[in-house]
Trainee: 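First the structure, then my questions, so here it is.
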Amino acid sequence: MSMPPSSPLVFSVRHCEPELIVPAERTPYELKQLSDIDDQEGLRFQLPFIMFYSNSNPLMVHKDPTKVIKAALAKALVYYYPFAGRLREGCNRKLMVDCTGEGILFVEADADITLEQLGDTIQPPCPYIDELLRDVPGSNGILGCPLLLIQVTLLTCGGFIFAVRLNHTISDSLGLVQFLNTIAEMARGSCVPSKQPVWQRHILNARDPPRITCIHHEYEMVNNNKSTTIIENNNMVHWSFFFGPKEMRSIRKHLPPQLQTCSTFEILTAFLWKCRTIALEFDPNDVVRLSCFINLRGKQRMKLQVPNGYYGNAFAFPTVISKAELLRKNPLGYALELVKKTKAEMSEEYIRSLADLMVIKGRPPCITAGNFLVADTTQVGLSGIDFGWGKPVYGGPSGAIPFVSFYATFKNNKGEDGVVVPIWLPLPAMERFQLELLKITQEPVDQSYGIMPTKIMSTL
């Protein structure tokens, strides 16, 4: 069952003029190439995250978060100076960072509302993201633009909102969190990062000569019928669904005993993929895909050994395929076995083959038709970044992007810890999707209506 839309919140956000924050000390002026994993066509976009903070530390009551964070940011950029540069293209559109020290974009703002008034609307999709992370004109390109945009919005309760937009080619979410934790350490009085940044992008470059040795379904076009293009930009809705202990117990009951001990990520991904495939009403013989973003760090079985402190993109999203009819008609265990298969495909050879593919085929875009891409941010660390005011009430993605859903930790209004998953779908498909969820969980799944029930007045 759907939760009724919450009453519209009307509040104003006042933005100061954006400014560039430069490193606090002189930094090297040099060109640094991105890796062939960084340099994918599919990563040339901006990725937003948001964190909501209460004013719970009495020692920080009289301190201004914007001043503290700006000063800490300048200090952190001394160590992470490539973030203060600008991207440019070399031969064959190869991306590199021109470490100019121009700085990252920072916006100060204040809103006449309290964190308590915002309530559960802080869960993704954040309905206020356009005002809490204002798109400064000319800032959202890939080349020649600031690599990070940060906005700190003060609330009337003394709390604040920290929102950041990342040029995805320069870093992944774990690399961003490493940088944000350094800012947080500086804000709390540290002089040097507890984890030193490591560039070394060459470790994820293509081999010489490059050679494709693995199957990469995420980049291979499959001829499908018209239903694979059913997701259109018109009539799309952005809802989120909460899965707590009760919902996960219900889902696990639909699995055979040998699969009930699989991880929450694996089970939830299989469940959502099956429900989404049914909801989109693909033709029976259409090929559907599932792509799971998998981190390369800490994988001891891989000889490439991503070093501690590496803050580039260090992930891949191996993909499995299935006929839509098989996914719909088979028990949930069928989808779950495919999820386990895509995770098992991750290997050093797979990563090497992927980097080689980027060079050989000219960085092909990821296939989105009939594909469901999922990224688990519950272990990334966004919920633990402490600038001195304590950990955020919510820290994670601001929402989904078309074809990609991000899993985030969230505590609902009943005090239950769980996973919140934002989804983009056409409205009729979203309604069918919700019905499929209920068939399995047998209980209402908390659902947020996203961006509609909000009015915001904004002034410069």
Side-chain angles (χ1 to χ4, degrees), residues 40 42-43 45-52 120-129 132-133 162-169 171-178 180 218 231 236-244 247-248 263-273 275-276 289-295 297 313-319 339 342-343 366 368 371-385 392-412 417-425 430 433 437 445-448 450-451:
Q40 299 184 51
L43 296 185
F45 70 95
Q46 307 282 346
L47 189 59
F49 298 93
I50 194 164
M51 288 158 275
F52 296 81
D120 271 358
T121 65
I122 67 174
Q123 72 173 332
C126 176
Y128 325 111
I129 190 62
L132 298 178
L133 188 57
F162 181 101
V164 57
R165 190 183 70 192
L166 169 73
N167 182 324
H168 204 338
T169 61
S171 180
D172 59 15
S173 57
L174 281 163
L176 174 65
V177 167
Q178 183 178 312
L180 295 181
E218 58 271 33
I231 295 183
M236 297 286 286
V237 292
H238 191 185
W239 291 1
S240 65
F241 299 86
F242 177 81
F243 297 89
E247 289 79 18
M248 293 309 303
S263 70
T264 296
F265 172 78
E266 292 169 337
I267 293 173
L268 190 53
T269 298
F271 173 57
L272 293 174
W273 186 30
C275 292
R276 184 179 182 273
R289 294 173 169 88
L290 172 73
S291 301
C292 296
F293 289 80
I294 299 176
N295 170 39
R297 297 170 178 84
N313 288 285
F315 69 89
F317 42 101
T319 301
V339 172
T342 186
K343 291 181 66 179
C366 172
T368 55
N371 199 0
F372 182 41
L373 295 93
V374 296
D376 183 10
T377 69
T378 60
Q379 304 299 317
V380 166
L382 286 158
S383 60
I385 297 171
V393 178
Y394 168 78
S398 62
I401 56 178
F403 306 105
V404 185
S405 285
F406 300 93
Y407 299 0
T409 55
F410 190 73
K411 186 186 292 288
N412 67 6
D417 290 313
V419 177
V420 64
V421 184
I423 301 277
W424 276 99
L425 284 174
M430 185 68 83
F433 177 78
L437 296 186
V445 177
D446 290 348
Q447 181 266 313
S448 166
I451 61 176

Trainee: Name the orientation class of the two ring planes belonging to Y394 and F52 (parallel below 30°, tilted from 30 to 60°, perpendicular beyond 60°).
Mentor: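 Aromatic pair Y394/F52 classed tilted.
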
Trainee: Identify the two heavy atoms, one from N313 and one from H168, that lie closest to each other, and give their separation to 0.1 Å.
Mentor: ND2-O, 2.8 Å

Trainee: Could you tell me which non-hydrogen atom of L382 sits nearest to which non-hydrogen atom of G396, and how far apart they are?
Mentor: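 The pair with the smallest heavy-atom distance is CD1-CA, 3.7 Å.
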
Trainee: Is W424 reaching over with its side chain to a backbone N or O of A400, donor-acceptor style, under 3.5 angstrom?
Mentor: yes

Trainee: Evaluate the ring planes of F293 and F315, with Trp represented by its six-membered ring, and classify them as parallel (under 30°), tilted (30 to 60°) or perpendicular (over 60°).
Mentor: tilted

Trainee: Do any N or O atoms from the side chain of T377 and from the backbone of Y407 form a donor-acceptor pair under 3.5 angstrom?
Mentor: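 The answer is yes, because a donor-acceptor pair under 3.5 Å joins these two groups.
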
Trainee: As a quick check of understanding, evaluate side-chain contact (heavy atoms from CB on, under 4.5 Å) for V380 and F49, giving each step before the final call.
Mentor: CA-CA 12 Å; V380 166; F49 298 93; over 6 Å; no

Trainee: For W239 and I423: C-alpha separation, side-chain torsions, deciding distance, then whether side-chain contact (heavy atoms from CB on, under 4.5 Å) applies.
Mentor: CA-CA 5 Å; W239 291 1; I423 301 277; 5.7 Å; no

Trainee: Given 3.5 Å as the limit, does a donor-acceptor pair link the side chain of T378 with the main chain of T409, or not?
Mentor: no

Trainee: Looking at every non-hydrogen atom in both residues, tell me the closest pair between L290 and N371 and how far apart they are.
Mentor: N-OD1, 3.7 Å

Trainee: Any sub-3.5 Å donor-acceptor pair from S171's side-chain atoms to L176's backbone N or O?
Mentor: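 Judged by distance alone, yes, a pair lies under 3.5 Å.
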
Trainee: Looking at every heavy atom in both N167 and Q46, which two are closest together, and how far apart are they?
Mentor: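 It is N-OE1, 3.4 Å.
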
Trainee: Decide yes or no on side-chain contact (heavy atoms from CB on, under 4.5 Å) for F317 and C366, but give the supporting numbers first.
Mentor: CA-CA 10 Å; F317 42 101; C366 172; 3.5 Å; yes

Trainee: For residues T342 and I294, report the shortest heavy-atom separation together with the two atoms involved.
Mentor: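 It is O-CD1, 4.0 Å.
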
Trainee: Testing P392, S383, S398 one by one against M51 for a side-chain contact (heavy atoms from CB on, under 4.5 Å), which residue passes?
Mentor: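 It is P392, the one option of P392, S383, S398 that forms the side-chain contact (heavy atoms from CB on, under 4.5 Å) with M51.
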
